[in-house]
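Chain A is the first sequence line, chain B the second, and so forth, proteins listed ahead of strands; every chain is numbered from 1. On a predicted model such as this, the values are computed, not experimentally measured, just so you know.
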There are 2 protein chains.
Amino acid sequence: MARPRKPLLDQDRIATAALELVDEDGEFTMPALARRLGVQTPSIYHHVDGRAGVIELLRAKIDEEIDSALLDLRPWDRALDAYARSYRAAFAAHPHVIPLLATSTVQAPRVVVVYDMIAAVLIEGGFAPEQVMPSYTALENFLLGSALDRAAPEVMWEVPPGVEAPHLSRALAAQTTSPTRSDQAFEFGLAALLDALRAMNASP
Amino acid sequence: MARPRKPLLDQDRIATAALELVDEDGEFTMPALARRLGVQTPSIYHHVDGRAGVIELLRAKIDEEIDSALLDLRPWDRALDAYARSYRAAFAAHPHVIPLLATSTVQAPRVVVVYDMIAAVLIEGGFAPEQVMPSYTALENFLLGSALDRAAPEVMWEVPPGVEAPHLSRALAAQTTSPTRSDQAFEFGLAALLDALRAMNASP
DNA sequence: ACCTGAACACCGTTCAAGT
DNA sequence: ACCTGAACACCGTTCAAGT
């Protein structure tokens, strides 16, 4: 076969296949990815910088689904609220990718643009420049942790037989099934952080 | 050599060596771990259930450093505040382990005991049982995200040359070097969540 | 019970060969 | 430029052999 007249692969096809694989299996290997693409493993290396490159493609895929235009909303708290929800929804749709992304960090220009939009809406909203980074970092840490929580199996929240945990058992039994523990926690935490930001914004 | 008169290995030695390895290299492999222990790789399998077992040992090691007795403090918000700080400090001391633990989840009895203490202090503090899980989940998500943030390289927060990001640049320039962005974000987020819990506790 | 040497399946990556 | 086959180093794990 050697070189085909029309390329069999491109970054988009690779990214899509990788995302499907991770969604289904919870992980991916280069051979499995190649198999799904109907190609030999080394072929992938002509389009992406190895396995790490594939992970970057996954990150970009998820980023695409976050609606950063929401950061153009005003006032600032409406923008952050909407953006946070979009962020969470994007990750929630692909929970298994999260651990993959958590390990490495990026320097993608796209990310910088988004952070600039966030800094813009906050500064414009009356925050002092030195308040921007810690404020947003706190929010993002919460979002990231919430995303990881969604990737974790709910099974974790069962008291194993034979273990005495009366208070926890009571708390678990009192849970509502809908909205989920995860959803309720998200709503609560997001509101808490936005409230604190509003308070900070009100007083110098 | 075969079987030595005194065992060369035990779970404690393995755990300690693995933690050192991860702290130094940011990761660990079974051969590298064996090398550090002065032993052949398969020997480890006599004491731990494979690589996953070593990761569980790491989790236990970190858990040990969290002072769960702080959850016996009263009132509830003092307990949670102190526990949250201890939690963060334990992870902050070994940032590279965090991604390792984030992937898998546990069912360790020890964890259940801690969660029961948390449920106890909250219910005793006046929270309704159905408020416990979402409240604590929100806090823990924030703590986990904050821990991951600490594991991430600070380099991420530089604007690459040639990229236009005036607002972000301003926010970055305005940062104080001490306390760290990470520390400030932690203080802010923790206060925000505890405030929201107090508000929830005050009104039914 | 506990360590070793040998062996296996599998993975990520490189590279020369082919069009 | 782009795909393949062959090859390599390395990893996690198993297991029979030895005390």
Interatomic distance where [atom1] belongs to [X] and [atom2] belongs to [N] [whole Å]:
| X | N | atom1 | atom2 | answer |
| --- | --- | --- | --- | --- |
| Leu37(B) | dC3(C) | CG | P | 10 Å |
| Asp10(A) | dA1(D) | CG | P | 16 Å |
| Met30(A) | dA9(D) | CE | P | 20 Å |
| Arg51(B) | dT13(D) | CZ | P | 8 Å |
| Leu33(B) | dC11(D) | CG | P | 12 Å |
| Phe28(A) | dC10(C) | CZ | C1' | 15 Å |
| Lys6(B) | dT19(D) | NZ | P | 22 Å |

Side-chain N,O (Gln40(B)) to OP1/OP2 (dC3(C)) below 4.0 Å: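 False: Gln40(B) side-chain N/O out of range (4.0 Å or more) of dC3(C) OP1/OP2.
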Do the side-chain N or O atoms of His47(B) get closer than 4.0 angstrom to the phosphate oxygens (OP1, OP2) of dC3(C)?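 It does, given that an N or O in the side chain of His47(B) lies less than 4.0 Å from OP1 or OP2 of dC3(C).
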Between [options], which nucleotide has the shortest distance from any of its atoms to the side chain of [X]?
| X | options | value |
| --- | --- | --- |
| Thr41(B) | dA1(D), dT13(D), dT14(C) | dT13(D) |
| Pro31(A) | dG12(C), dG12(D), dC3(C) | dG12(C) |
| Tyr45(B) | dC2(D), dT14(D), dC11(D) | dT14(D) |
| Arg3(A) | dA1(D), dC3(C), dT4(D) | dA1(D) |
| Pro7(B) | dG12(D), dG12(C), dC2(C) | dC2(C) |

In terms of the nearest nucleotide of DNA chain D, which residue is placed more toward the 5' end: Pro42(B) or Ile44(A)?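 Closest to the 5' end, via its nearest nucleotide, is Ile44(A).
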Nucleotide paired to dA7(C) in any strand shown, Watson-Crick or G-U, under 3.5 Å: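 Base-paired to dT13(D).
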Both distances under 3.5 Å, Watson-Crick or G-U wobble: report the partner of dC2(D), or none.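 The answer is dG18(C), by the H-bond criterion.
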Nearest-nucleotide comparison on DNA chain C, the residue closer to the 5′ end among Arg35(A) and His46(A):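 Its nearest nucleotide being more 5', the pick is Arg35(A).
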Which part of the nucleic acid, if any, lies within contact of Ser43(A), taking any heavy atom under 4.0 Å across all strands shown: a base, the sugar-phosphate backbone alone, or nothing?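 Counting heavy atoms under 4.0 Å across all strands, the contact made by Ser43(A) includes a base.
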Approximate separation, where rounding is to 0.5 Å, of Asn141(B) CG and Tyr136(B) OH: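 The distance works out to 9.5 Å.
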Tell me whether Arg51(B) forms a cation-pi arrangement with Phe28(B), defined as NZ or CZ under 6.0 Å from the six-membered ring centre and within 45 degrees of its axis.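 The answer is yes, since Arg51(B) meets both limits relative to Phe28(B).
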Mind telling me whether Tyr83(B) and Tyr87(B) have parallel, tilted or perpendicular rings, with 30° and 60° as the class edges?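 Ring orientation, 0 to 90° scale: perpendicular.
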Validation row: Leu197(A), Phe127(A) side chains within 4.5 angstrom (heavy atoms):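 With C-beta onward as the side chain, the pair touches.
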Looking at Thr180(B) and Asp183(B), would you say the former's side chain and the latter's main chain have a donor-acceptor pair under 3.5 Å?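 Flag not set: sc Thr180(B) to bb Asp183(B) has no pair under 3.5 Å.
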